Amino acid sequence: MNRIWYRQGIALLDEIKNTVTNTDELAFWYLGQMGYVFKGAATIYMDVMLNDHQQADGSSARWYQPPFTPEQGRADYVICTHGHIDHLAEETIKGIAQHDQHTRFIVPAGCCSVLKKMGLSDDRIIPVNADETVEFPEFTLRTVATAHPEYAQDENGNDLSLAFYLEMNGVKILHPGDTYLTARLIDELSVLPSPNLFFPPINGQDFFRTARNCIGNLNTAEAAQLSLILKADLTVPSHFDMFIGNTADPLEFARYFMKIRPEAKWHIPALGERFIYRK
């Protein structure tokens with residue numbers, strides 16, 4: 001299951017830095033799990049984990065090492081969909097924050113206290129709750145609550161897990177983070193304009209992972225069906241390859257997708273591969 005990076009290190013960082021997009025296109029790079037770099041009018045890191053994570057015996061829980069260190073990361077914004085260590089990774093957040101002073105961090109409002117404990121100042125943290133629309137100079141952001149595994153809020157009623165719908169350079173991106181499939185999620189996502197790019201997690205859930213306190217996600221069939229319901233133009237299966245014991249086969253997603261809708265468009269990303277989407 002070991003994966004080889006298509007591009008990593010300085011080569012990847014330079015490619016991200018030097019990529020220029022037109023007003024009707026957007027570039028993205030897959031960094032594993034639900035981690036992506038999006039580049040258009042701004043450079044956005046979403047759910048990136050740029051540090052290792054060790055198992056009880058001291059060995060790495062990752063199938064492959066990060067592409068570069070947190071200290072090398074350069075982003076205008078970092079978005080975290082929820083507080084789990086592979087989406088809001090403390091070492092990654094602190095490394096980026098300390099070495100790129102202009103980066104701002106967008107998180108569910110219920111996760112703000114976690115960033116403050118890391119030493120981030122209030123002016124660098126942008127809290128959001130479900131059903132919000134926030135206009136930034138470079139993009140528009142909308143939010144929808146997600147169940148991971150249940151809909152949850154903190155003691156002040158702030159959401160803890162969100163799907164993010166971004167529009168940048170005219171390209172509509174739906175990144176749901178981690179979520180179970182619920183009727184509420186379908187209803188709330190369906191009222192949004194159909195995404196150009198949809199990044200569903202596909203690792204699913206089962207008895208053995210649940211017994212290990214490993215919270216699951218959509219499975220391959222659910223991800224494909226949801227893509228069709230939302231009329232996504234291009235679907236990019238995610239969350240299938242980073243951690244030992246929590247993987248899925250993206251080809252299973254592709255086979256199911258082609259079976260139920262042969263003309264549907266999908267792309268299985270390679271680690272560190274640049275993909276430029278044009279409307």
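None of these values were measured; they are calculated from a predicted model.
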Note to self: Does Asp249 form a salt bridge (charged side-chain N to carboxylate O under 4.0 Å, His left out) with Arg255? I'd like the steps, not just the answer.
What the structure shows: CA-CA 10 Å; Asp249 183 358; Arg255 286 190 292 268; 3.6 Å; yes
Note to self: Please determine whether side-chain hydrogen bond (donor to acceptor under 3.5 Å, both in side chains) holds for the pair Asn129 and Asn158, giving the CA-CA distance in whole Å, both sets of side-chain angles, and the decisive distance to 0.1 Å.
What the structure shows: CA-CA 6 Å; Asn129 275 307; Asn158 292 310; 3.1 Å; yes
Notebook entry, point to check: Could you walk me through whether Thr21 and Glu25 pass the side-chain hydrogen bond (donor to acceptor under 3.5 Å, both in side chains) check?
Noted result: CA-CA 6 Å; Thr21 55; Glu25 63 185 18; 5.4 Å; no
Note to self: side-chain hydrogen bond (donor to acceptor under 3.5 Å, both in side chains), that's the test. Do Asp241 and Thr247 meet it? Break it down for me.
What the structure shows: CA-CA 5 Å; Asp241 66 346; Thr247 60; over 6 Å; no
Note to self: Pair His267, Glu273 - check side-chain hydrogen bond (donor to acceptor under 3.5 Å, both in side chains), show working.
What the structure shows: CA-CA 11 Å; His267 177 70; Glu273 168 200 23; 3.1 Å; yes
Notebook entry, point to check: So Leu271 and Leu31, side chain to side chain contact (heavy atoms under 4.5 Å, CB included) or not? Walk me through it.
Noted result: CA-CA 6 Å; Leu271 289 164; Leu31 301 190; over 6 Å; no
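Counting only heavy atoms from C-beta outward, the side chains of Asn196 and Ile173 never approach each other to under 4.5 Å. Two residues are said to be in side-chain contact when any heavy atoms from C-beta on lie closer than 4.5 Å; Thr220 and Glu222 fail this criterion. The side-chain heavy atoms of Asp86 and His53, taken from C-beta on, include no pair separated by under 4.5 Å.
For Asp47 and Thr81, the side-chain atoms include at least one donor-acceptor pair closer than 3.5 Å. With hydrogens and angles left out, the side-chain atoms of Thr19 and Arg274 include a donor and acceptor closer than 3.5 Å. One side chain, Thr235 or Ser227, offers a donor N or O that lies under 3.5 Å from an acceptor on the other. A donor-acceptor pair shorter than 3.5 Å cannot be found between the side chains of Thr140 and Glu167. Between the side chains of Tyr256 and Gln225, a donor-acceptor pair is found at a separation under 3.5 Å.
Leu174 and Ile268 sit in two unconnected hydrophobic clusters of ILVMFWY residues. Membership requires side-chain heavy atoms under 4.5 Å apart, directly or through other members.
Remark: Phe253 engages Phe257 in a ring-ring contact (aromatic ring centres under 6.0 Å, His included) (not counting sequence neighbours).
Scanning all heavy atoms of the two residues, the minimum distance from Ala89 to Val48 falls at CB-O, 4.5 Å. When all heavy atoms of Glu188 and Ala145 are compared, the pair lying nearest together is OE1-N, 4.2 Å. The minimum heavy-atom distance linking Tyr277 with Leu197 is given by the pair CD1-CD2, 3.6 Å. Closest non-hydrogen pair, Cys80 versus Phe164, comes out as O-CE1, 3.8 Å. Counting all heavy atoms, side chain and backbone alike, Ala232 lies closest to Phe198 at CB-CB, 3.7 Å.
When atom types are taken as modelled, the side chain of Asn217 and the backbone of Thr179 share a donor-acceptor pair closer than 3.5 angstrom. Asp178 contributes no side-chain N or O that, together with a main-chain N or O of Pro201, makes up a donor-acceptor pair within less than 3.5 Å. Judged purely by atom type and a 3.5 angstrom limit, Lys39 uses its side chain to pair as donor or acceptor with the backbone of Ile16. Here the side chain of His175 pairs a donor or acceptor atom with the backbone of Met34 at under 3.5 angstrom. Panel note: side chain Ser238, backbone Val236; a donor-acceptor pair is recorded below 3.5 Å. The main-chain N or O of Thr43 is found under 3.5 Å from a side-chain atom of Asp76 such that the two form a donor-acceptor pair. Here the side chain of Asp154 pairs a donor or acceptor atom with the backbone of Asn156 at under 3.5 angstrom.
Checked against a 6.0 Å centroid threshold, the rings of Phe199 and Phe38 count as neighbours. For His87 and His148, the distance between ring centers is not under 6.0 angstrom. Annotation: Tyr77 is in aromatic contact with Phe139 [ring centroid separation under 6.0 Å]. Two rings, from Tyr64 and Trp5, have their centers less than 6.0 Å apart.
Screening Met46, Glu138, Arg142 for a side chain to side chain contact (heavy atoms under 4.5 Å, CB included) with Leu166, the sole residue that qualifies is Met46. The side chain to side chain contact (heavy atoms under 4.5 Å, CB included) test with Gln72 singles out one residue from Leu13, Leu12, Asp100, and that residue is Leu13.
Note on Asp24 versus Arg278: no salt bridge recorded, every NZ/NE/NH1/NH2 to OD/OE distance being 4.0 Å or above. In summary, Glu15 and Arg7 engage in a salt bridge, as defined by a charged side-chain N under 4.0 Å from a carboxylate O. The pair Lys116-Asp122 counts as a salt bridge, with a side-chain nitrogen and a carboxylate oxygen less than 4.0 angstrom apart. For Asp233 and Lys172, the salt-bridge test fails: no basic side-chain N is under 4.0 Å from an acidic carboxylate O.
Relative to the ring axis of Tyr151, Arg184 places its NZ or CZ within 45° and under 6.0 Å from the centre.
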